[in-house]
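Okay, structure first, notes after.
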Amino acid sequence: MEKSAPSTPARTRFAPSPTGWLHIGGARTALFSFLLARQTGGQFILRIEDTDRTRYVPESEADIMEGLRWLGIEWDEGPDKGGPYGPYRQSERKALYRKYAELLVEKGHAFYCFCSKERLERLRRRARAEGRPFRYDGHCRRIPPEEARRRVEAGEPHVIRFKAPREGSITVVDRIRGPITVQNRDIDDFILLKSDGYPTYHLAVVVDDHLMDVTHVMRGEEWLSTFPLHVHLYRAFGWPEPEWIHLSLFLKPTGKGKISKRDSEWLKEKGYAGVFVHDLREAGYLPEAVVNWIALMGWSYDDRTEFFTLEDLIEKFSLDRLKPAPAAVNFDKLNHFNGLHIRALPPEELARRLVPFFHKAGYPQVTEQDLLPIVPLIQERIHTLTDGPELAGFFFEEDITHTPEAFETFLVKHKKVKLDLPTAYQALQVVYQRLEQVDPWTPENLEATLRALSEELGLKSRKLFSAVRVAVTGRGVSPPLFETMALLGKERTLRWMKKGLETLAQMVATEG
RNA sequence: GCCCCCAUCGUCUAAGUGGUUAGGACACGGGCCUUUCAAGCCCGCGGUCGGGGUUCAAGUCCCCGUGGGGGCACCA
């Protein structure tokens, strides 16, 4: 195994707030963080940022963990498995944040604020009316420390705000974009500790990333605008900064606006799989394909390689090849990758993964063993696991129905077939008789028999085989004919074909 | 409105520090193969947002526009 330049182990983290299901944007952030940690022999942490009680969705934490594990993104430390830097749920670290917020007050970098929501709302309205962005007016900055402390101890409701510098500028460095300079006057006196005693994201993320020895902070670009504030916080605490990596956002398939949880509904209505990881899983996408797909949005390896396994990515991922521009998600490409990964699966493995999809599709008795002989017939024909039962479910039917439309569409009208009903009927009657004689009932014998018949009847194999296909399976699209018939068995094949012939006979009769 | 980020085919992207006909993938169109559908193979369509500079040379560097995105909460 060749080695690249030795890099120090990175400690990274994925820090979702449990307010909703794991979506593809979060999955990519987690993936890249995970890749960096694995690649450098470091640790990947899962931390739950549940500091907003009002938006908390109890099931989302489990959904996030399930989604990550399904994708193969396993964490080394987290709320369910502990670790030396725990606890890993911010609600369980509550006391910590107050301590650090007060440390900042002592150092003169933060102050107690007693402003009411009403006053703040007034300020906000005025700012809006005057066409300027809302900034805290510094009202409580003027309260003498002793007085503030007294009021706090007396139990007066309050928050702790950061005392943002009013002059000068700060230059912060994003790994993808390089240096970014902003004027300090554009940075607000952000609230660090809310009146309910919980920290805001700004405080919690800084405190925890520092306490947990996080070396690389990867997050979405939506944090870019508060990034300078976070750097100010590190400096105020006197802590060394981690590397900052703001991943560009995912845009809707239309390229208009960032993709969000709210888009899930209409995307599904339009036939897209959806934005949540569990949606993709249910829709029959392989975790391998999802990983491959999201990895290639905002990152690339070279000018031609596109197929990657998780292992490949661990080896080849590089921060230097991250892109700052946002990417519109392309579900066609996901389908493509899914096909690729389905075909790359060992047949037994594909059979195993197909089982639940057959169960869900109404074939609850199907086992992996049952699927083993079928998989070779469908592996290169399906794009999602849900296509499996669609294409091969009939192997588990005792009986089927033939529709006149099937004969119409796939024999008469099909541009490659163009076979009229009377001819088809006549030929199929001969076929039926000849099939009764076939023994043993193998694909080879069936093919030999039907090819001979095609010659004998003066009917192109394409026409004859299509007629047989529709007569036997009731459908115009199926796995390869001879294998299909062999798998169906002689009894079912002949019985179904007889039914097909009856339907066809009626059609011929009424057509007159 | 203010602040910040971004800008190569319809979409995802390549073209390390400026130097061939701007390459690949998805999608789309056509063809080959063929037993339907796929898969595979071949061909085609299609792009450096606009304008100024710098330079012998600009997709690449600078400026201005334009367009897109994000943020402007006691949400993350």
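A note on names: the letters A, B, ... follow the listed sequences, proteins ahead of strands, and every chain is numbered from 1. Below, each value reflects all heavy atoms present in this structure, side chains not excepted, and no hydrogens, waters or symmetry copies.
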Sugar-phosphate, base or nothing in reach of Phe410(A), heavy atoms under 4.0 Å: nothing
Short side-chain N/O contact from His383(A) to OP1 or OP2 of rA39(B), under 4.0 Å: yes
Sugar-phosphate only, base, or nothing, as touched by Leu296(A) at under 4.0 Å among non-hydrogen atoms: sugar-phosphate
Give the table of side-chain donor-acceptor pairs shorter than 3.5 Å for residues 406-419 of chain A, with sequence neighbours excluded, one pair per line with atom names and distance.
unit_1	atom_1	unit_2	atom_2	d
Thr409(A)	OG1	Glu405(A)	O	2.6

Main-chain N/O of His336(A) paired to Trp293(A) side chain as donor or acceptor, under 3.5 Å: no
Distance-only donor-acceptor test, Ser195(A) side-chain atoms vs rC74(B) base atoms, 3.5 Å: yes
Sugar-phosphate, base or nothing in reach of Arg55(A), heavy atoms under 4.0 Å: base
N or O in side chain of Arg462(A) less than 4.0 angstrom from rU36(B) OP1/OP2: yes
Sugar-phosphate only, base, or nothing, as touched by Pro157(A) at under 4.0 Å among non-hydrogen atoms: nothing
Complementary nucleotide for rU8(B) - Watson-Crick or wobble, under 3.5 Å: none
Sugar-phosphate only, base, or nothing, as touched by Phe227(A) at under 4.0 Å among non-hydrogen atoms: nothing
OP1 or OP2 of rC75(B) under 4.0 Å from side-chain N/O of Lys194(A): yes
Nearest listed nucleotide, side chain of Pro133(A), among rC72(B), rG70(B), rA38(B): rC72(B)
Any Thr54(A) side-chain nitrogen or oxygen under 4.0 Å from OP1 or OP2 of rC75(B): no
Identified pairing partner of rU17(B), criterion: Watson-Crick or G-U wobble below 3.5 Å: none
Touch class at under 4.0 angstrom, heavy-atom based, for Trp293(A) against every strand present: nothing
Ser60(A) vs Asp63(A), side-chain hydrogen bond (donor to acceptor under 3.5 Å, both in side chains): CA-CA, chis, key distance, verdict: CA-CA 5 Å; Ser60(A) 64; Asp63(A) 183 79; over 6 Å; no
Exercise: do His246(A) and Asp174(A) side chains pair donor with acceptor under 3.5 Å: yes
Whole-Å P distance, rG10(B) and rG50(B): 12 Å
Sugar-phosphate, base or nothing in reach of Gly220(A), heavy atoms under 4.0 Å: nothing
Geometric class of the His158(A)/Phe114(A) ring pair [parallel <30°, tilted 30-60°, perpendicular >60°]: tilted
Side chain of Asp332(A) - closest among rU35(B), rG1(B), rC26(B): rC26(B)
Footprint string (nucleotides 14-24 of chain B, 5' to 3'): B base within contact, S backbone only, - free, heavy atoms under 4.0 Å: SS-------BB
Sugar-phosphate, base or nothing in reach of Arg128(A), heavy atoms under 4.0 Å: nothing
N or O in side chain of Arg135(A) less than 4.0 angstrom from rC3(B) OP1/OP2: no
Any Arg343(A) side-chain nitrogen or oxygen under 4.0 Å from OP1 or OP2 of rG40(B): yes
Touch class at under 4.0 angstrom, heavy-atom based, for Val182(A) against every strand present: sugar-phosphate
Proximal nucleotide (of rU35(B), rC37(B), rU11(B)) relative to the Phe482(A) side chain: rU35(B)
Contact state string [nucleotides 62-69 of chain B, B base, S sugar-phosphate only, - no protein heavy atom under 4.0 Å]: ------SS
Phe276(A)/His23(A) aromatic ring centres below 6.0 Å: no
Sugar-phosphate, base or nothing in reach of Thr19(A), heavy atoms under 4.0 Å: nothing
Any-strand Watson-Crick or G-U partner of rU54(B), both distances under 3.5 Å: none
Asn184(A) and Glu167(A): side chain donor to acceptor below 3.5 Å: no
Contact under 4.0 Å: His246(A) side-chain N or O vs rC4(B) OP1/OP2: no
Criterion salt bridge (charged side-chain N to carboxylate O under 4.0 Å, His left out) on Glu121(A) and Arg126(A), from CA distance to verdict: CA-CA 9 Å; Glu121(A) 191 44 48; Arg126(A) 193 185 312 156; over 6 Å; no
Spacing of Leu96(A) atom CG and Glu92(A) atom CD [to the nearest 0.5 Å]: 12.0 Å
Sugar-phosphate only, base, or nothing, as touched by Leu391(A) at under 4.0 Å among non-hydrogen atoms: nothing
side-chain contact (heavy atoms from CB on, under 4.5 Å) partner of Arg161(A), the single match among Leu104(A), Val105(A), Asp189(A): Asp189(A)
Parallel, tilted or perpendicular, as decided by the 30° and 60° cut-offs, for the rings of Trp299(A) and Phe308(A): perpendicular
Phosphate OP1/OP2 of rU36(B) contacted by Lys415(A) side-chain N/O (<4.0 Å): no
Polar pair under 3.5 Å, donor/acceptor by atom type, side chain Arg381(A), base rC37(B): yes
Residue met sooner reading RNA chain B from 5', once Phe337(A) and Asp188(A) are mapped to nucleotides: Phe337(A)
Base partner of rG40(B), which must satisfy Watson-Crick or wobble distances under 3.5 Å: rC32(B)
Between Thr171(A) and Thr181(A), a side-chain donor and acceptor under 3.5 Å: yes
Contact nearer the 5' end of RNA chain B, comparing Pro324(A) with Thr51(A): Pro324(A)
